[in-house]
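A short write-up of the structure that comes next.
As the structure is a prediction and not an experimental result, all values here were calculated from the model. Side-chain atoms are counted along with the backbone in the values below, which use heavy atoms only and exclude waters and symmetry mates.
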Amino acid sequence: MDLSDRTVLVVGGTSGIGRELARRFAAAGSTVAVGGRNREALAELADEGFGTFRVDVTDSASVASARDAALARYPGLDTVVTMSGVMLLEDLRDPAHFEAAATTIDTNLLGTIRVVDAFTPHLIRRGAGTFVTVTSGIAFLPFPPMPSYAASKAAVHAYSEALRAQLDGTGVGVVELVPPAVARAGEEKAVAHALPLDDFSTEVMDLLAQDPTPREILVKGVLTHRWAERDGTYDDLVAQRSKALAMLPGRRG
């Protein structure tokens, strides 16, 4: 991927990984716009020179409106990054968890599908372009306190594989970004085993620039998750991660 001459929309780029990747694409020479819900963050990004669009990925009308506005301003848009996501704790012994599960699936999985559907006709008409979907190491090695998050990201992985197969021959590629735990500056100690955002982003951009671009963007810090089943470490790692169930409110004490 030539990072110096892309026109990129990062949906869900108002904070964290998405915001940093938007800045990295821009620093590499690409034209970059950001979509999200947070008005204050969008205003800050606009002050930095980014195009900004308010979008709620759980609302099809909002996605369609943002798409129309983005394509009107950037008719040459060739790269769409779907970053939007939520991570919620759930105690599956309490049926009240269902609301969190529904929110997670609607945002992480259906939100991704809404964004992809909105821009697929445009990219196919161009005959060239890239979707960057975002999953997680948790898609491949579940974190039991966040069951629907793991399920949603595993589903986005499978959807990305199917999307890539269906778009084969159209000139539109699908790249799956698989982050591990990533911490912003100053938060490294608060998030166990987290990779600093700056280090993560540097490695991601290096991988995206490879020729050919890998189908999956796997930084070194996520390889343990991605290949746990292959390497025979899956059961032990899930058992180890299950100790975190003690963090659920109903399991404390």
Side chain of [X], backbone of [Y]: donor and acceptor closer than 3.5 Å?
| X | Y | value |
| --- | --- | --- |
| Lys153 | Val134 | yes |
| Thr103 | Ala100 | no |
| Arg54 | Gly35 | no |
| Arg19 | Gly13 | no |
| Asp94 | His97 | no |
| Asp91 | Arg93 | yes |
| Thr120 | Val116 | yes |

Side-chain donor-acceptor pair present, [X], [Y], cut-off under 3.5 Å:
| X | Y | value |
| --- | --- | --- |
| Ser160 | Glu176 | no |
| Thr202 | Arg24 | yes |
| Thr79 | Arg6 | yes |

> Does any non-hydrogen side-chain atom of Ile124 lie less than 4.5 Å from one of Arg126?
Replying inline: no
>> Counting C-beta onward and ignoring hydrogens, is there a side-chain heavy-atom pair between Leu208 and Phe25 closer than 4.5 Å?
In response: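 Heavy-atom side-chain distance check passes, below 4.5 Å.
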Measure the spacing between [atom1] of [X] and [atom2] of [Y] and express it to the nearest 0.5 Å.
| X | Y | atom1 | atom2 | answer |
| --- | --- | --- | --- | --- |
| Ile138 | Tyr149 | CD1 | OH | 5.5 Å |
| Ser152 | Met146 | OG | CE | 11.0 Å |
| Phe119 | Leu9 | CZ | CG | 5.0 Å |
| Ser62 | Arg37 | OG | CZ | 9.5 Å |
| Glu20 | Met205 | CD | CE | 9.5 Å |

> Any chain of hydrophobic side-chain contacts (each under 4.5 Å) joining Val172 to Leu71?
Replying inline: yes
> Is Asp56 salt-bridged to Arg114, going by a charged N under 4.0 Å from an acidic O?
Replying inline: no
> Please, which pairs that meet side-chain hydrogen bond (donor to acceptor under 3.5 Å, both in side chains) have at least one residue in residues 207-218, sequence neighbours excluded?
Replying inline: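 Every pair satisfying side-chain hydrogen bond (donor to acceptor under 3.5 Å, both in side chains) with a residue in residues 207-218: Glu216-Arg226.
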> In chain order, what residues pass the ring pair (Phe, Tyr, Trp, His ring centres under 6.0 Å) check against His157, with sequence neighbours excluded?
Replying inline: Phe140
